[in-house]
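Below, all heavy atoms of this structure are taken into account, side chains as well, without hydrogens, waters or symmetry copies. Labels below follow one simple rule: chain letters A, B, ... track the order of the sequence lines, proteins then strands, and each chain is numbered from 1.
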There are 2 protein chains.
Amino acid sequence: MRGQALKGHLDLLLLAIIADSPKHGYAVIEELRTRSEESFDLPEGTVYPALHRLQKAGFLTSEWSEVQGRRRRTYLLTKHGHAALSEQRQSWDEFSSAMGRVLKGAPWPSTP
Amino acid sequence: MRGQALKGHLDLLLLAIIADSPKHGYAVIEELRTRSEESFDLPEGTVYPALHRLQKAGFLTSEWSEVQGRRRRTYLLTKHGHAALSEQRQSWDEFSSAMGRVLKGAPWPSTP
DNA sequence: CTTGACACCTAGCAATCCAAGGTGTAGGTT
DNA sequence: AACCTACACCTTGGATTGCTAGGTGTCAAG
């Protein structure tokens, strides 16, 4: 249940999943759905272009293979991809903790 | 240090800050900077249009005033604004914990 | 032979953030 | 007098992004 609104952090998700083990697009979508416990149920039109973008940026490479008559494009991280991953992990941590600080509320108008 | 990339969650931040106490745009920017400990240093071109958007959506109302020769537009939450805030808080929680689950890594490939 | 899961793709829209410009006041410095 | 900085508001236009909506094709089950 739920779907949209993972604004801007998609790259991090994709890099993290593929870093754990190389995967093809369709499998990435499934993994994202199961790991997030159904929170992230991304349409193909979101994921495929994003993978292309990441490859074009030099973070992923891909290999074509054929499994039971279906062609697959399997992605894996480059060295730059690993660097980008740890960088984006870090900036996610900073971002989410900053969100936490803001959402917690003003400290001083109610301080006695 | 740092600035860009708070993708999509700006509305929540603005609603949360104004909910705590009504503020004008410039003050919102300052509050955002201090609460986040410099993580969020948003340009006016980001914040002002967002406030207009939120008002147009019925989440905020505004009042003009003049303080020492400077005109201010002070925003405060409507009933819908409060509803939107708690809704968006909730979906942020869900979002960030889903991010956490995904980033934590696959549970089964290393399970003995 | 149709449906559904698997597996890939693209074009084009809508939204969002931001850079870059603009206006004007008040208070200080030179 | 001229200038700068902080305060305080605004808009236009570009780039990026996520998704809708379409398309292709295979294989297995009904």
Side-chain angles (χ1 to χ4, degrees), chain A residues 2-15 18 22-34 36 39-57 59-60 62-75 84 88 91 95 98-99, chain B residues 2-15 18 22-34 36 39-57 59-60 62-75 88 91-92 95 98-99:
Chain A
R2 312 215 53 271
Q4 75 286 48
L6 47 147
K7 309 118 171 178
H9 308 282
L10 177 59
D11 293 7
L12 170 56
L13 293 171
L14 299 180
L15 291 173
I18 294 169
K23 272 179 187 48
H24 61 283
Y26 199 86
V28 167
I29 293 175
E30 286 178 327
E31 181 78 3
L32 213 32
R33 191 170 46 230
T34 55
S36 72
S39 283
F40 300 146
D41 192 0
L42 307 189
E44 302 177 351
T46 295
V47 173
Y48 287 121
L51 290 171
H52 298 162
R53 213 169 54 218
L54 291 171
Q55 177 160 23
K56 199 175 170 188
F59 298 151
L60 299 177
S62 64
E63 269 175 29
W64 283 99
S65 61
E66 184 150 337
V67 177
Q68 289 182 355
R70 272 105 161 211
R71 52 181 206 140
R72 287 181 176 176
R73 187 165 170 182
T74 301
Y75 292 90
Q88 289 191 27
S91 85
F95 173 73
M99 284 289 294
Chain B
R2 311 214 55 270
Q4 76 286 47
L6 48 148
K7 309 120 173 180
H9 308 280
L10 177 59
D11 292 7
L12 170 56
L13 293 170
L14 299 179
L15 291 173
I18 295 169
K23 273 177 186 51
H24 62 283
Y26 200 87
V28 167
I29 292 175
E30 286 177 328
E31 180 78 2
L32 212 33
R33 191 170 46 231
T34 54
S36 72
S39 283
F40 300 146
D41 192 1
L42 307 189
E44 302 177 350
T46 295
V47 173
Y48 288 120
L51 290 171
H52 299 162
R53 211 170 55 218
L54 290 171
Q55 177 160 22
K56 200 175 170 189
F59 298 151
L60 298 177
S62 63
E63 269 175 29
W64 284 99
S65 62
E66 183 149 338
V67 176
Q68 288 183 355
R70 274 107 162 205
R71 50 179 208 142
R72 288 181 175 178
R73 188 164 169 184
T74 301
Y75 292 91
Q88 288 191 29
S91 85
W92 161 257
F95 173 73
M99 284 289 293

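Residues passing the side chain to side chain contact (heavy atoms under 4.5 Å, CB included) test with A50(A) are L10(A), L14(A), R53(A), sequence neighbours excluded. For I29(A), the side chain to side chain contact (heavy atoms under 4.5 Å, CB included) test picks out R33(A), E44(A), V47(A), with sequence neighbours left out. Under the side chain to side chain contact (heavy atoms under 4.5 Å, CB included) criterion, A98(B) pairs with S36(A), S39(A), F40(A), R101(B), sequence neighbours left out.
Following rounding to the nearest Å, H52(A) (NE2) and dG18(D) (C1') show an atom-to-atom distance of 15 Å. One interatomic measurement links the two molecules: CZ of F95(B) to C1' of dG18(D), which rounds to 12 Å at whole-angstrom precision. Atom pair F40(B):CZ and dC18(C):C1' shows a separation of 15 Å (rounding to whole Å applied). Rounding to whole angstrom units, NZ of residue K56(A) and C1' of dA15(D) are separated by 13 Å. We find that NE2 of H24(B) is positioned 15 Å from C1' of dC10(D), with the value rounded to whole Å. One can place CZ of R73(B) at 13 Å from C1' of dT11(D), the figure rounded to the nearest angstrom. For E63(B) and dC9(D), the CD to P distance is 14 Å, given to the nearest whole Å. In this structure, Y26(B) places its OH atom 14 Å from C1' of dC10(D), rounding to the nearest Å.
Contact annotation: R53(B) does not reach the phosphate of dA15(C) (side-chain N/O to OP1 or OP2, under 4.0 Å). Between dC6(C) and R72(A), no contact under 4.0 Å exists linking OP1 or OP2 to a side-chain N or O. A sub-4.0 Å separation between OP1 or OP2 of dC18(C) and a side-chain N or O of T46(B) is present.
Here CG of L51(B) is found 12.0 Å from NZ of K23(B). Values are rounded to the nearest 0.5 Å. Interatomic distance, CG of L60(A) versus CD1 of I18(A), reported as 5.0 Å (0.5 Å rounding). For the atom pair L13(B) CG and Q88(B) CD, the distance stands at 9.5 Å (nearest 0.5 Å).
Checking dT10(C), dT20(D), dA8(D) against every side-chain atom of Y48(A), the shortest atom distance belongs to dT10(C). Nearest nucleotide to the E44(B) side chain, out of dG22(C), dC17(C), dA7(C): dG22(C).
Nucleotides of DNA chain C nearest to E30(A) and P43(B) differ in position, and the one nearer the 5' end is that of E30(A). Closest-nucleotide positions on DNA chain D for P49(B) and G45(A) were compared, and the one nearer the 5' end corresponds to P49(B).
Between the T34(A) side chain and the E30(A) main chain, a donor and an acceptor come within less than 3.5 Å of each other.
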Which donor-acceptor pairs under 3.5 Å do side chains of residues 65-73 of chain A form with protein atoms, sequence neighbours excluded?
residue, atom, partner, partner atom, Å
R73(A), NE, S62(A), OG, 3.1
R73(A), NE, Y75(A), OH, 3.4
R73(A), NH2, Q55(A), OE1, 2.9

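Note on the helix from dC1(C)-dG30(D) to dT30(C)-dA1(D): angle between the axes of the first and last five pairs equals 10°, rounded to 10 degrees.
Aromatic ring pairs are classed by plane angle as parallel below 30°, tilted from 30° to 60° and perpendicular above 60°; the pair F95(A) and W92(B) is perpendicular.
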- Message: side-chain contact (heavy atoms from CB on, under 4.5 Å), that's the test. Do V28(B) and L42(B) meet it? Break it down for me.
- Response: CA-CA 10 Å; V28(B) 167; L42(B) 307 189; over 6 Å; no
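The stretch residues 64-71 of chain B comes close to DNA chain D through W64(B), R70(B), R71(B), each having a heavy atom under 4.0 Å from the strand.
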